[in-house]
Amino acid sequence: MNVLLLGSGGREHALAWKLAASPLLTKLYAAPGNPGIAEQAELVALDIANHAAVAAFCRDMKIDLVVVGPEAPLVAGIGDDLRAAGIRVFGPSKAAARLEGSKGFTKDLCARFNIPTAAYGRFDNLAAARAYVEKVGAPIVIKADGLAAGKGVTVAMTLPEALDALSACFDGSFGSAGAEVVVEEFMTGEEASFFCLCDGTTALPFGTAQDHKRVGDGDVGPNTGGMGAYSPAPVMTPEMVDRTMREIIEPTMRGMAELGSPFAGVLFAGLMITDQGPRLIEYNTRFGDPECQVLMMRLKDDLLVLLNAAADGQLGHMSVRWLDEAALTVVMAAAGYPGAPEKGSVIRGIDAARAEGAEVFHAGTAVNAGALVANGGRVLNVSATGRTVGEAQKRAYAAVDRIDWPQGFCRRDIGWRAVEREEGR
Ligand code: AMP
Ligand code: GLY
């Protein structure tokens, strides 16, 4: 099979690495890709926002399957446009990608199909939103409705913070994404990421992970896209997975079908495991980044077989096997992240890190005059497996220490919660 992978981050490098291991693969192309992905794929300089150009490339190169990594093209309808051109796609339709593209849509779906989530209100004007926030009080959560590159959520511990966040949304801080706002009840518990492969009818559980969103050790400092992750998430016991499937995922699949927008692709549920059980924080309609990296490290089965089955509505016949090991990934970021990152610093030591038994996925790199350089906020994902999260953590940091990149930084405590559990602390 000829496969085209869309995207350019660490998530896509992990997908490319796993796709390249498939005996079904003839040739892998990636657009736009990155220097790490170029180890597995031929990079193509396509503008993925130009769906007609992507379709033309697929026809010319006889692409059998397009795998869409990031959310923006899905929300913009690339799945529909490619399918209309007769091209097979792994990824949801525009209507199904509303689960990520509109927080209000997802909250209304939850209300209609009785899916446990935080109580909420939807607002398109500041006055009504303010009145609601003042009535409910803090802590409270303010969310821009649309895609805001992970920056549209404020967990406000005080009323003034909540009111500031509301003003920021309606002042256009998040562009059109903030024209509508969702205000939510503050939930407490332990967070977990839960993934399913979906084909419109069947949802196949596809692993669990925990992410570290804050930039600093001990989970302090500003939010990021994710500074590291590990899989599996200990809080997702078999019972908790069963409840999540029954109470959250299956009603979502039925609801989306009933609304005429059946969901096919990756359904990524951000969960809060509360005293009453799992509650939905939000949906994403693609793999998590860096969660995907640890899932790919643990996946025993052929990813291409599974993605084909999802694209063809055949997941009911499939099962998934995982390595009986934990995986952990450490994000190395450029100084300045999550603000404006410093670009262009030279990175050495990738081979030495790999010699430690780790995989090093590229997230934001470029090649400049023959040297590998930083070209984004999150730059490398150093990933390892082990019998325990603690062992995977030791191996990942041993590899991190082989990377020679003075302008980079990482958290030193990825996996701490699971390691504490393992050590019985
Ligand atoms: P999101 O960008 O929607 O993943 O939200 C970012 C983070 O905000 C989540 O990972 C949670 O830590 C937190 N969060 C979002 N919604 C809530 C909520 N209703 N209650 C508590 N924390 C929340
Ligand atoms: N790591 C969180 C996300 O991909 O949304």
Side-chain angles (χ1 to χ4, degrees), residues 11 70-71 74-75 92 96-111 113 115-120 139-155 177 182-198 203 205-214 219 223-237 240-241 243-245 247-253 255-256 263 265-274 276-295 329 331 417-418:
R11 166 181 52 212
E71 62 276 16
L74 294 169
V75 171
R98 283 179 295 174
L99 284 175
E100 176 159 3
S102 168
K103 295 188 190 295
F105 171 81
T106 297
K107 298 301 288 188
D108 288 352
L109 180 95
C110 289
F113 295 96
I115 297 166
T117 187
Y120 73 108
I140 194 163
V141 183
I142 312 294
K143 301 184 173 184
D145 180 78
L147 292 185
K151 299 195 173 75
V153 174
T154 303
V155 178
V182 171
V183 180
E184 275 185 21
E185 167 201 357
F186 173 74
M187 299 188 285
T188 51
E190 185 170 341
E191 282 184 52
S193 301
F194 181 70
F195 298 87
C196 288
L197 293 182
C198 304
F206 197 66
T208 64
Q210 271 169 323
D211 184 11
H212 295 64
K213 287 245 168 70
R214 303 296 187 119
D219 294 324
N223 258 316
T224 70
M227 293 302 290
Y230 55 96
S231 171
V235 70
M236 293 305 288
T237 58
M240 203 58 78
V241 168
R243 280 193 67 178
T244 303
M245 289 302 293
E247 296 171 20
I248 297 179
I249 305 294
E250 281 159 10
T252 298
M253 293 297 285
M256 292 301 282
F263 187 86
V266 186
L267 189 57
F268 163 6
L271 301 175
M272 188 70 86
I273 308 303
T274 69
Q276 289 94 47
R279 297 175 83 192
L280 183 71
I281 300 175
E282 62 157 5
Y283 275 130
N284 296 302
T285 61
R286 34 93 191 159
F287 282 110
D289 188 347
E291 290 93 329
C292 183
Q293 290 79 318
V294 284
L295 294 180
T329 189
V331 171
R417 201 188 287 274

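Excluded from the calculations below are hydrogen atoms, water molecules and symmetry mates; all remaining heavy atoms, backbone and side chain alike, are included.
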Any chance you could lay out the side-chain contact (heavy atoms from CB on, under 4.5 Å) test for Val235 and Gln210, step after step, and finish with the verdict?
CA-CA 9 Å; Val235 70; Gln210 271 169 323; 3.8 Å; yes
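- The two atoms that bring Tyr230 and Ala418 nearest to each other are CE1-CB, 3.4 Å, heavy atoms only.
- Taken from CG in Leu109 to CG in Leu99, the straight-line distance is 6.5 Å, to the nearest 0.5 Å.
- Between the CE atom of Met256 and the CZ atom of Arg98 there is a distance of 6.0 Å, given to the nearest 0.5 Å.
- Counting only heavy atoms from C-beta outward, the side chains of Val266 and Phe206 never approach each other to under 4.5 Å.
- Inter-residue side-chain proximity for Pro116 and Gln276 is flagged as unmet; no heavy-atom pair is nearer than 4.5 Å.
- In this structure the side chain of Phe113 never reaches within 4.5 angstrom of the side chain of Thr252, judged on heavy atoms.
- Here the CG-CZ distance, from Leu280 to Phe194, works out to 12.0 Å after rounding to the nearest 0.5 Å.
- For the atom pair CZ (Arg214) and CE (Met227), the distance works out to 13.0 Å, reported to the nearest 0.5 Å.
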Any chance you could lay out the side-chain contact (heavy atoms from CB on, under 4.5 Å) test for Arg286 and Cys292, step after step, and finish with the verdict?
CA-CA 9 Å; Arg286 34 93 191 159; Cys292 183; over 6 Å; no
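- Checking side-chain atoms of Asp211 against main-chain N and O of Gly226 turns up no donor-acceptor pair under 3.5 Å.
- When all heavy atoms are compared, the tightest approach of Thr285 to Leu74 is O-CD1, 3.5 Å.
- For Thr224 (side chain) and Lys213 (main-chain N/O), a donor-acceptor pair under 3.5 Å exists by modelled atom type.
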How far apart are the C-alpha atoms of Thr329 and Gln293, what are their side-chain angles, what is the distance that settles it, and do they pass the side-chain hydrogen bond (donor to acceptor under 3.5 Å, both in side chains) test?
CA-CA 7 Å; Thr329 189; Gln293 290 79 318; 5.8 Å; no
Show your reasoning for whether side-chain contact (heavy atoms from CB on, under 4.5 Å) applies to Tyr120 and Asp108.
CA-CA 9 Å; Tyr120 73 108; Asp108 288 352; 2.6 Å; yes
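- Pro278 and Ile248 make their closest contact through O-CD1, 3.7 Å (heavy atoms, listed as atom of the first residue, atom of the second, distance).
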Please walk me through it: do Glu100 and Tyr283 pass side-chain hydrogen bond (donor to acceptor under 3.5 Å, both in side chains)?
CA-CA 6 Å; Glu100 176 159 3; Tyr283 275 130; over 6 Å; no
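- In this structure, CZ in Phe268 is found 4.0 Å from CD in Glu291, a value given to the nearest 0.5 Å.
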Show, in sequence, the C-alpha distance, side-chain angles and deciding distance for Lys107 and Thr117, and conclude whether the side-chain contact (heavy atoms from CB on, under 4.5 Å) test is met.
CA-CA 8 Å; Lys107 298 301 288 188; Thr117 187; 2.8 Å; yes
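- Looking only at side-chain heavy atoms (C-beta outward), Glu184 and Lys103 stay at 4.5 Å or farther from each other.
- In this structure, Met253 and Ala203 approach most closely via the heavy-atom pair CG-CB, 3.9 Å.
- With contacts defined as side-chain heavy-atom distances shorter than 4.5 Å, the pair Arg11/Pro70 qualifies.
- A pairwise comparison of heavy atoms in Val294 and Ser231 identifies CG2-CB, 3.8 Å as the closest pair.
- At a threshold of 4.5 Å between non-hydrogen side-chain atoms, the residues Leu271 and Met236 count as touching.
- Scanning both residues, Pro290 and Gly225, for their nearest heavy atoms gives CD-O, 4.3 Å.
- Note that the CG atom of Asn284 and the CD atom of Glu71 stand 7.0 Å from one another [nearest 0.5 Å].
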